Every structure is written in structure tokens, then in C-alpha cells.
Amino acid sequence: MKDLIGLEHLSGAQIEHILETARPMKSLFTRSIKKVPVLRGKTVALVFFEASTRTRSSFELAAKRLSADTLNLAMSTSSVTKGESLLDTMKTFEAMKVDFMVLRHSSSGATELVGRDTKAHVINAGDGSHEHPTQGLLDIFTILEKKKRVDGLNVVIVGDILHSRVARSNFWGLAKLGAHITVCGPATLIPKGIEDVFGRKVRVCYKMEEALKDADVINVLRLQRERQEGDFFPSLREYTELYGLNSERLRLAKPDCLVLHPGPMNRGIEISSEVADGPRSMILEQVTNGIAIRMAVLYLFSGPNGFPANISAAKKGKKSLLEIGN
Ligand code: CP
């Protein structure tokens, strides 16, 4: 597998392998020198056609902590503003012999399109409302760290499911690892037929009070106003009243329920500040874990044949990262 397009294309064992690899990566963060030389001589191009704070900076940090060189394309000052196409932009990077293209684009399928046409490894950093695989992985890593398992957990995903690439990557990853998934939001923001799409039943609730009962994890999604054409609910005030996560609603979940949000947050709309900054919130932990996951992804896809299909064979004979770092 040359490219990371989505968690749909990974098996449960491959997802687990990435999560296991991220663990020693995270342990590097407490060292005085947070770097290992495993990608020395490689170049990672960060090509973001949409705005980003977390994904872009954490991919850059991840590449640097693995000793790779990074190349950042700032859209506003690039030749994209003169009308250069996505494929021509990516071919230009290929001519510069980059090893990785980390791509964010507003069109679903953009990373797959580019991946077919380049020798570089293409990593999806979010394509339209299709997938955001490293976000899905870091969400699951965060759950696993705190809960020690994913299998059998009740995970509730709340909000704008229709436009959310984060939701899709969460569905694929969580379903493959055996979680029970509930989605909750206005009917207009829940795709039709979602119940059977992800290989495991997804429960659909239109009432927060019903959805949150027995929840182990609540993943609150941002309202994707930039992707919404038309009105999906009467007003923001009404949306908050019906679907905003506040302390009172959080009490309906299990006492040790975790709260996730991929960021950026609309504070006071889909989540109250009290919850976002409260003891159950994993939001900043997710940011830290994002670096570890992206290090693991860059490392595992860097081999000449890309990400291994046969995980048990790949594990044999592979030096541990901490060993490499010493
Ligand atoms: N979660 C996420 O993708 O955040 P950014 O848009 O800041 O990268």
C-alpha cells in the first residue's frame, strides 16, 4: 500500500499496527532530544488547499521528529492563485523528488486521484467530506490510551455527520476494532442509510438524551458551515439547545465517559466551555497524540513497498524505534 487514503482501506490488524507504532513515538516526547533518524534524507511536502492548524503543524513536527526535511506550500502565495491545477502542482513536487505528499483538499477523492499519478507516498490530511484518516487514528489512539480497549465500547458521535470526514474515518476505524457506534444529530445532518454502511450496525438517535445513555466516549463534531449549502437547521441557538454538549447532558453518560472533539471548536455552539475545558475533555491530549500517530504513519509508509499488507511478517526483524533512536 503506497498511500494512506482512508481507514476504509486498512484492515483491523493494520490499524492496530499503526496504533502500536505510535506508542513508542509518543514516549519520545518526554526525552530531551525528541528526534530519531529514521527518515533522514526523506522529504515531506505539506500541501494544504484548505486551512489547518493542528493537522498541518503536527505533520510538520512529526516529519521533523523523524529527521525528514519538510516543504510547506502556502496556498495564498503559490501558483495555485494563478490557476495552476491540483495535478500540475503535485507533479511539480514530484519533479522535486519529494518522498511524501501530505495533501488536504476540499474535493472528496483528491488524494486518491493524486496518488494514482505519482510515485511519492500520498497521505490524506482530509479530502472534502470523504475521510481524515490520521484524525480517526488519533481519536482511537486517545480512546485506547485511556480505556485500554475499543472493542465493546459505546462511542457516540454527535453533530454534523453528513459533512464530516472525521466521522467517516472514525466509523471505519471504530467498526473494524469492534466499538458500538451511535450517531446523533438533526435528521438533515445524518446521511440516509448510514445504519448499514460501515460493516457494523450504526445506531441512529435524534435525541441527545437517548444517545448519551451509557456512553463511554462522546466525539463532538464541529458544524462544518463551510460545506453546508442551505439551511440544515432553523438556527444556531436551536442547534445548541438540542445537540450542544454541556455539563448537564454529560451527566447522562457513564461517569468516566471521555469527551473528544477534533477541533477547531465552536465554543458555546456544539460544546460548552465548561465541558471543553473540563476533566473529561481529551481535546488537548488528542493534539499531542496527533503527532505520535503522524510519526507512525510516515514511518510505516516510508518503506519501498509502502505500508505492509502482512503485519505479522512486517513486525519480524523490524528494529524498535527506541533502539534506532539510541
Ligand atoms: N482536526 C483538524 O483537522 O484540525 P485542523 O483543521 O486545525 O487541521
Side-chain angles (χ1 to χ4, degrees), residues 1-22 25 38-49 55-56 58-60 62-73 85-105 107-128 130-138 165 168-169 172-173 176 290 292-319 321:
M1 190 180 284
K2 179 176 81 65
D3 306 320
L4 176 60
I5 304 299
L7 299 192
E8 177 182 0
H9 309 292
L10 299 183
S11 66
Q14 286 175 315
I15 292 173
E16 279 169 1
H17 186 44
I18 298 174
L19 300 171
E20 280 166 20
T21 307
M25 298 291 185
V38 292
L39 291 190
R40 197 165 48 198
K42 304 273 185 200
T43 307
V44 178
L46 304 162
V47 189
F48 280 60
F49 286 80
T55 313
R56 185 187 176 126
S58 61
F59 263 115
E60 182 164 1
K64 286 181 169 158
R65 286 185 183 175
L66 295 173
S67 306
D69 297 313
T70 56
L71 200 63
N72 255 292
L73 184 69
S85 72
L86 167 66
L87 285 180
D88 284 340
T89 304
M90 302 315 266
K91 278 184 183 304
T92 304
F93 280 115
E94 181 164 48
M96 293 174 187
K97 309 293 178 211
V98 304
D99 300 283
F100 282 94
M101 296 178 188
V102 176
L103 174 66
R104 171 170 285 191
H105 199 276
S107 296
S108 301
T111 39
E112 193 165 2
L113 181 78
V114 170
R116 270 191 242 137
D117 223 27
T118 175
K119 290 191 194 70
H121 299 286
V122 178
I123 308 294
N124 185 359
D127 61 333
H130 171 230
E131 278 220 42
H132 189 351
T134 55
Q135 180 71 47
L137 288 166
L138 77 88
R165 52 198 179 202
R168 274 165 195 77
S169 290
W172 285 116
K176 286 176 187 195
I293 282 293
R294 286 159 184 142
M295 287 172 79
V297 164
L298 291 173
Y299 171 64
L300 291 171
F301 277 80
S302 67
N305 300 317
F307 189 61
N310 186 339
I311 296 303
S312 45
K315 279 180 182 170
K316 273 186 210 148
K318 197 103 175 148
K319 277 173 103 179
L321 285 163

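Only a predicted model underlies this, so the values are computations on that prediction, with no experimental measurement involved.
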Q) What heavy-atom pair brings Lys176 and Leu7 nearest, and what distance separates the two atoms? A) NZ-O, 3.1 Å
Q) Does NZ or CZ of Arg294 lie under 6.0 Å from the centre of the six-membered ring of Phe59, at an angle within 45° of the ring axis? A) yes
Q | Short side-chain to backbone donor-acceptor contact, Ser11 and Gln14, under 3.5 Å | A | yes
Q | Test item: Thr134 and Leu4 side chains (from C-beta on) under 4.5 Å apart, heavy atoms | A | yes
Q) Heavy-atom distance under 4.5 Å between the side chains of Trp172 and His9, does that happen here? A) no
(Q) Once rounded to the nearest 0.5 Å, what's the spacing between atom CG of Leu87 and atom OG1 of Thr92? (A) 10.5 Å
Q | Donor-acceptor contact present, side-chain His17 to main-chain Ile311, <3.5 Å | A | no
Q | Closest non-hydrogen atom pair, Val98 against Ala120 | A | O-CB, 3.7 Å
**Q.** Approximate separation, where rounding is to 0.5 Å, of Ile18 CD1 and Met25 CE
**A.** 11.0 Å
(Q) Quick check: closest heavy atoms across His132 and Gly126, and the distance to 0.1 Å? (A) ND1-N, 4.1 Å
**Q.** Donor-acceptor pair, side chain of Arg165 and main chain of His130, under 3.5 angstrom
**A.** no
(Q) Treating Glu94 as the side-chain partner and Lys119 as the backbone partner, does any N or O pair qualify as donor plus acceptor under 3.5 Å? (A) yes
Q: Would you mind reporting whether Thr118 and Asp3 have side-chain heavy atoms less than 4.5 Å apart?
A: no
**Q.** Stepwise side-chain contact (heavy atoms from CB on, under 4.5 Å) test for Leu298 and Lys42
**A.** CA-CA 10 Å; Leu298 291 173; Lys42 304 273 185 200; over 6 Å; no
**Q.** Over all atoms of both residues, closest heavy-atom pair of Tyr299 and Leu66
**A.** N-CD1, 4.1 Å
(Q) Parallel, tilted or perpendicular: which one describes the rings of His105 and Phe49, with boundaries at 30° and 60°? (A) tilted
Q) Does the side chain of Leu71 reach to within under 4.5 Å of the side chain of Leu73, using non-hydrogen atoms? A) no
(Q) Here's a test for you: under side chain to side chain contact (heavy atoms under 4.5 Å, CB included), which of Val297, Leu46, Val122, Val44 qualifies with Phe100? (A) Val44
Q | Thr21 OG1 to Leu300 CG distance, which is reported to the nearest 0.5 Å | A | 4.0 Å
**Q.** Under 3.5 Å donor-acceptor, Asp127 side chain and Gly109 backbone
**A.** yes
Q.
Please check: side-chain N/O of Arg104 versus main-chain N/O of Ala125, any donor-acceptor pairing under 3.5 Å?
A. yes
Q: Considering non-hydrogen atoms only, spot the tightest contact between Ser169 and Gly136 and give its length.
A: CB-CA, 4.1 Å
Q.
Within the 4.5 Å heavy-atom criterion, are Phe48 and Val102 side-chain neighbours or not?
A. yes
(Q) Quick test of your reading of the model: are Arg56 and Glu60 salt-bridged, counting only N-O distances below 4.0 Å? (A) no
(Q) My understanding is that only one of Val114, Ile123, Thr43 makes a side chain to side chain contact (heavy atoms under 4.5 Å, CB included) with Met101; could you say which? (A) Val114
Q.
Around atom NZ of Lys2, are there more than 12 heavy atoms from other residues, nucleotides or ligands closer than 6.0 Å?
A. yes
Q) For the residue pair Ala63 and Thr70, what are the closest heavy atoms and their distance? A) CB-CG2, 3.5 Å
Q) Roughly how far, to the nearest 0.5 Å, is the CG atom of Leu86 from the CG atom of Leu113? A) 6.5 Å
